[in-house]
Protein chains: 2
Amino acid sequence: MPKVGMEPIRKAALVKATIVEIGRVGSLDVTVSQIAKRAGMSSALAHHYFGSKEEIFLAAMRHILSLYGAEVRGALVVASTPRDRLRAIILANFSPGNFRREVIGAWLNFWVLAQTSPQARRLLKIYQGRLRSNLLSALRPIAGSSALDLAEGLGAVIDGVYLREALKSGAPDGKAAAEVALNYLNAQLKGFPS
Amino acid sequence: MPKVGMEPIRKAALVKATIVEIGRVGSLDVTVSQIAKRAGMSSALAHHYFGSKEEIFLAAMRHILSLYGAEVRGALVVASTPRDRLRAIILANFSPGNFRREVIGAWLNFWVLAQTSPQARRLLKIYQGRLRSNLLSALRPIAGSSALDLAEGLGAVIDGVYLREALKSGAPDGKAAAEVALNYLNAQLKGFPS
DNA sequence: AAGTTTATTGACTCGTCAATCAACAAAAAA
DNA sequence: TTTTTTGTTGATTGACGAGTCAATAAACTT
């Protein structure tokens with residue numbers, strides 16, 4: 001049976017299964033066996049490709065981060081004015097691709113993972129840095145020296161909305177979630193010339 | 001040696017130790033033995049008083065919630081105007097009593113616990129409900145029908161700031177954290193008559 | 001055709017940990 | 001003073017799970 005060139009396929013399946021399982025169980029207490037089973041292989045194979053459970057988690061995190069990054073980048077290229085770009089960033093954060101139950105659950109658990117794993121912490125900081133610099137570069141032309149504070153606040157709102165969504169049930173409403181952040185943005189920018 | 005009337009003392013010590021250990025380890029993967037050891041007793045005694053690990057966690061959560069509630073209530077009684085009350089709520093959220101490393105770490109992990117434990121979820125929802133109703137009753141006289149949206153946003157900022165603090169190192173700066181939320185509040189209330 | 005690399009798994013090891021239990025001690029009640 | 005209640009722990013059980021390994025097989029290389 002063994003076909004050659006399985007590695008990327010297996011890895012991708014494991015990464016996907018990891019996110020689903022973490023979201024389903026609601027914690028990092030998922031066994032490698034559970035993940036492997038959902039990905040349609042034995043746990044030994046999962047270990048074979050990733051070496052350890054932590055590596056599997058980190059790969060899942062990288063995957064989510066890269067999806068997120070792509071979404072934001074894609075939204076930014078079609079936005080011309082600073083205000084458009086801010087709007088685009090917020091909408092991308094709550095796009096159907098990112099703002100999904102399993103992904104939200106995974107995010108929450110990655111914050112926890114970052115408390116113990118330096119690598120996970122590094123990855124989360126990269127996400128924060130990107131978000132921050134995207135916001136800043138769009139905010140500065142509008143708000144000048146207030147941009148720093150606004151970016152901090154906006155980032156906190158976005159993360160907070162994610163966190164809170166983890167406590168809700170049913171399908172996440174990205175539109176409503178984005179509204180909270182957009183609302184904040186509009187209020188803050190009211191005083192600045194358009 | 002056995003003195004009588006130990007139960008409340010032992011329980012309190014365990015609750016305290018639980019929060020410290022969760023904060024120290026950075027996850028719920030703390031053993032009952034670790035907790036019991038820090039509290040100065042055997043793990044068997046911890047089980048004797050709480051029955052299960054989950055009960056220990058829930059007791060710790062209730063403790064944090066009650067400290068939090070007391071702090072907010074205390075701050076509210078000395079605030080007269082709606083604006084004062086809003087300010088008081090925010091400051092209480094980031095008071096030195098609540099905004100501490102271990103407590104922040106514990107909060108984060110309680111969000112995770114709420115994903116799997118219905119009781120923990122219930123407790124977190126009580127916290128959210130309280131915060132929300134406190135904010136609403138202070139916001140309505142000022143903002144009227146916008147109060148709902150503002151409370152939602154303000155709640156998200158507060159939770160978001162907590163979440164983000166979990167990724168930082170060093171002593172938490174409650175003053176700076178509160179500033180982010182106050183900043184949001186001021187921007188939102190700009191349009192309303194003072 | 002023989003040898004090497006890649007894919008794959010079942011069975012196993014080894015450690016950890018929640019929870020239980022038997023046993024002992026001191027205080028309080030009878 | 002016997003009995004019961006409360007406090008306490010060391011030792012043990014039982015389960016579970018990460019990671020390893022030997023074995024098997026298909027596919028590529030030479």
Side-chain angles (χ1 to χ4, degrees), chain A residues 1-22 24-61 109-110 112-113 115-120, chain B residues 1-22 24-61 109-110 112-113 115-120:
Chain A
M1 291 206 207
K3 311 257 174 75
V4 130
M6 294 306 306
E7 178 156 357
I9 294 160
R10 293 303 201 186
K11 279 193 167 182
L14 282 167
V15 160
K16 203 171 168 186
T18 302
I19 293 162
V20 172
E21 280 300 292
I22 291 178
R24 193 180 65 76
V25 174
S27 88
L28 297 172
D29 285 338
V30 289
T31 69
V32 175
S33 296
Q34 281 172 347
I35 294 170
K37 186 171 189 182
R38 177 166 297 265
M41 71 195 80
S42 73
S43 68
L45 196 52
H47 275 105
H48 173 66
Y49 282 125
F50 280 106
S52 75
K53 191 180 177 178
E54 176 158 9
E55 280 304 320
I56 300 179
F57 283 161
L58 290 172
M61 217 173 145
N109 282 285
F110 289 154
V112 173
L113 187 59
Q115 306 296 303
T116 43
S117 157
Q119 305 215 55
Chain B
M1 291 209 203
K3 310 254 172 81
V4 129
M6 291 270 77
E7 178 155 356
I9 294 160
R10 293 302 201 185
K11 280 193 168 181
L14 283 167
V15 159
K16 203 171 167 187
T18 302
I19 294 163
V20 173
E21 279 300 292
I22 291 178
R24 194 182 62 79
V25 174
S27 88
L28 296 173
D29 285 338
V30 289
T31 69
V32 174
S33 295
Q34 281 172 346
I35 294 170
K37 185 171 189 182
R38 178 167 297 265
M41 72 196 79
S42 73
S43 69
L45 195 51
H47 275 105
H48 174 65
Y49 282 125
F50 280 106
S52 76
K53 191 179 177 179
E54 177 160 8
E55 281 303 321
I56 300 179
F57 283 161
L58 290 173
M61 215 172 147
N109 282 285
F110 289 154
V112 173
L113 187 60
Q115 307 295 303
T116 44
S117 157
Q119 307 216 55

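Lettering of chains follows the sequences in order, A, B, ..., and the numbering in each one begins at 1.
Near DNA chain D, defined here as any heavy-atom distance below 4.0 Å, the residues from residues 38-52 of chain B are B:Met41, B:Ser42, B:Ala44, B:Leu45, B:His48, B:Tyr49, listed numerically. Less than 4.0 Å separates DNA chain D from at least one heavy atom of each of the following residues of residues 25-37 of chain A: A:Val30, A:Thr31, A:Val32.
In this structure a side-chain-to-backbone donor-acceptor pair under 3.5 Å is present from B:Lys53 to B:Val30. With A:Ser117 contributing its side chain and A:Leu113 its backbone, the two residues share no donor-acceptor pair below 3.5 Å. Between the A:Gln34 side chain and the A:Thr31 main chain, a donor and an acceptor come within less than 3.5 Å of each other.
Heavy-atom neighbours of B:Lys11 NZ from other residues, nucleotides or ligands within 6.0 Å: above the threshold of 12.
We find that NZ of B:Lys53 is positioned 15 Å from P of C:dT16, with the value rounded to whole Å. Here the P atom of nucleotide C:dC17 and the CD atom of B:Glu54 are 18 Å apart, to the nearest Å. A:Ile56 places its CD1 atom 13 Å from the C1' atom of D:dG17, with the value rounded to the nearest Å.
Side-chain contact between A:Met6 and A:Ile9 is present, with at least one heavy-atom pair separated by less than 4.5 Å. Under the 4.5 Å side-chain criterion, counting only non-hydrogen atoms from C-beta, A:Ile22 is in contact with A:Phe110.
Taking only side-chain nitrogens and oxygens, A:Arg10 comes nearer than 4.0 Å to OP1 or OP2 of C:dT8.
Checked for salt-bridge contact, A:Arg24 and A:Glu21 meet the test: a charged N lies under 4.0 Å from a carboxylate O.
In this view, B:Glu54 satisfies the salt bridge (Lys or Arg N to Asp or Glu O under 4.0 Å) rule with no residue, not counting sequence neighbours.
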